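Quick notes on the structure that follows.
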Amino acid sequence: IDTLNAPHGRTLDVDLKSKLNRGRRIIVNGMTNNKKPAFSWVKNGEGKDYDYSQDHLYVKVPSSATNGELAIVEDTLKPGFFLARHHHKKMTEIFFVVEGQVQFIFDGKTITTDKGDTISVPPNTWHAAKSTNGGKMLTIFKNGRFDVYLERLSKMTKADFKNKKLMKRVSHEFDIYNE
């Protein structure tokens, strides 16, 4: 085992045989030998953030880090939060309630969740959500690029948001259907 010096006074133990073996992946400072991240670390209160009128979102794991398979978002719900009824054709959403109470509304059924509860919403399931007093959720989007959707929304103008055809096209591009 050899010790390599890493930035910020850290050291990293590396097997010299692994360093010399071209067919094996070598991880140094969180990067593999093919320049792809081996891991990511996003600290509390960090991540690409989007502060909207009803909630404040932090992207914890972008879909680009998982070949588009997953995106994970921390969502701080402001009092009076309401997410309109919608469904996804391919995407599964998993909501983990970190703080507060969140009501999930499914056709004919309302479920009130508390801290520590998890709701899994498979494709083609109509759902809405609301939180009277606010809260916090960690949301996992499977087969969705929700982080890319947030990025797209952040670049749109007020006129774009008023354009119903454009909004429908953007929503459908990211597997969000309101009708």
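It should be emphasised that the depicted structure is a prediction, and the values quoted were computed from it without experimental measurement.
- Here the closest heavy-atom approach between residue Phe81 and residue Ala129 is recorded as CE2-O, 4.0 Å.
- Placement of Leu77 and Phe96 in two distinct hydrophobic clusters is found when ILVMFWY residues are connected by side-chain heavy-atom separations under 4.5 Å, directly or transitively.
- Taken to the nearest 0.5 Å, the CZ atom of Phe174 stands 8.5 Å off from the OH atom of Tyr149.
- Aromatic ring centres of His87 and His127 lie farther apart than the 6.0 Å criterion allows.
- Distance check: Met91 CE to Asn143 CG gives 9.0 Å after rounding to the nearest 0.5 Å.
- Using a 4.0 Å cut-off between charged side-chain N and carboxylate O, Asp147 and Lys60 make no salt bridge.
- The local environment of NZ in Lys130 is sparse, with at most 12 non-hydrogen atoms from other residues, nucleotides or ligands closer than 6.0 Å.
- Between Asn133 and Gln101, every side-chain heavy-atom pair lies at or beyond the 4.5 Å cut-off.
- Closest heavy-atom contact between Thr92 and Ser120: CG2-OG, 4.2 Å.
- Heavy-atom minimum distance, Gly144 versus Ser63: O-CB, 4.0 Å.
- Of the possible donor and acceptor atoms, none in the side chain of Asp55 sits under 3.5 Å from a partner among the backbone N and O of Asp75.
- Of the possible polar contacts, one joining the Thr113 side chain to the Val102 backbone as a donor-acceptor pair under 3.5 Å is found.
- Taking each heavy atom of Thr125 and Val121 in turn, the nearest pair found is CB-CG1, 3.8 Å.
- Using a 4.5 Å cut-off on side-chain heavy atoms (C-beta onward), Val59 and Tyr50 make contact.
- The distance from the CG atom of Leu57 to the CG atom of Asp51 is 9.0 Å, given to the nearest 0.5 Å.
- At a threshold of 4.5 Å between non-hydrogen side-chain atoms, the residues Ile119 and Phe106 count as touching.
- With hydrogens and angles disregarded, a donor-acceptor distance shorter than 3.5 Å links the side chain of Asp160 to the backbone of Thr157.
- Within the model, atoms NE2 of His172 and OH of Tyr177 stand 5.5 Å from one another, a figure rounded to the nearest 0.5 Å.
- With Gln54 contributing its side chain and Phe82 its backbone, the two residues share a donor-acceptor pair below 3.5 Å.
- Residue Phe161 comes nearest to Leu153 through the heavy atom pair CZ-O, 3.6 Å, listed as atom of the first residue, atom of the second, then distance.
- To the nearest 0.5 Å, the span separating CD on Glu93 from CE on Met137 amounts to 8.5 Å.
- With hydrogens and angles ignored, the 3.5 Å screen pairs a side-chain donor or acceptor of Lys78 with a backbone N or O of Tyr52.
- A continuous path of ILVMFWY side-chain contacts below 4.5 Å connects Ile111 to Leu83, so both sit in one hydrophobic cluster.
- Hydrophobic clustering (ILVMFWY, side-chain heavy atoms < 4.5 Å, transitive): Ile176 and Leu150 are in one cluster.
- Remark: Glu173 does not engage Arg169 in a salt bridge, criterion side-chain N to carboxylate O under 4.0 Å.
- The main-chain N or O of Lys89 is found under 3.5 Å from a side-chain atom of Asp175 such that the two form a donor-acceptor pair.
- Residues Asp107 and Arg85 are paired through a salt bridge, judged by an N-O separation under 4.0 Å between the basic side chain and the carboxylate.
- Panel note: side chain Ser171, backbone Lys168; no donor-acceptor pair is recorded below 3.5 Å.
- None of Val61, Ile94, Thr118, Val73 except one satisfies the side chain to side chain contact (heavy atoms under 4.5 Å, CB included) rule with Ile140; the exception is Ile94.
- Side-chain contact between Met156 and Leu166 is present, with at least one heavy-atom pair separated by less than 4.5 Å.
- A continuous path of hydrophobic side-chain contacts links Val170 to Phe146 [ILVMFWY only; heavy atoms under 4.5 Å].
- Residue His88 holds its NE2 atom at 10.0 Å from CH2 of Trp126, rounded to the nearest 0.5 Å.
- In this structure, Ser154 and Glu151 approach most closely via the heavy-atom pair OG-O, 2.6 Å.
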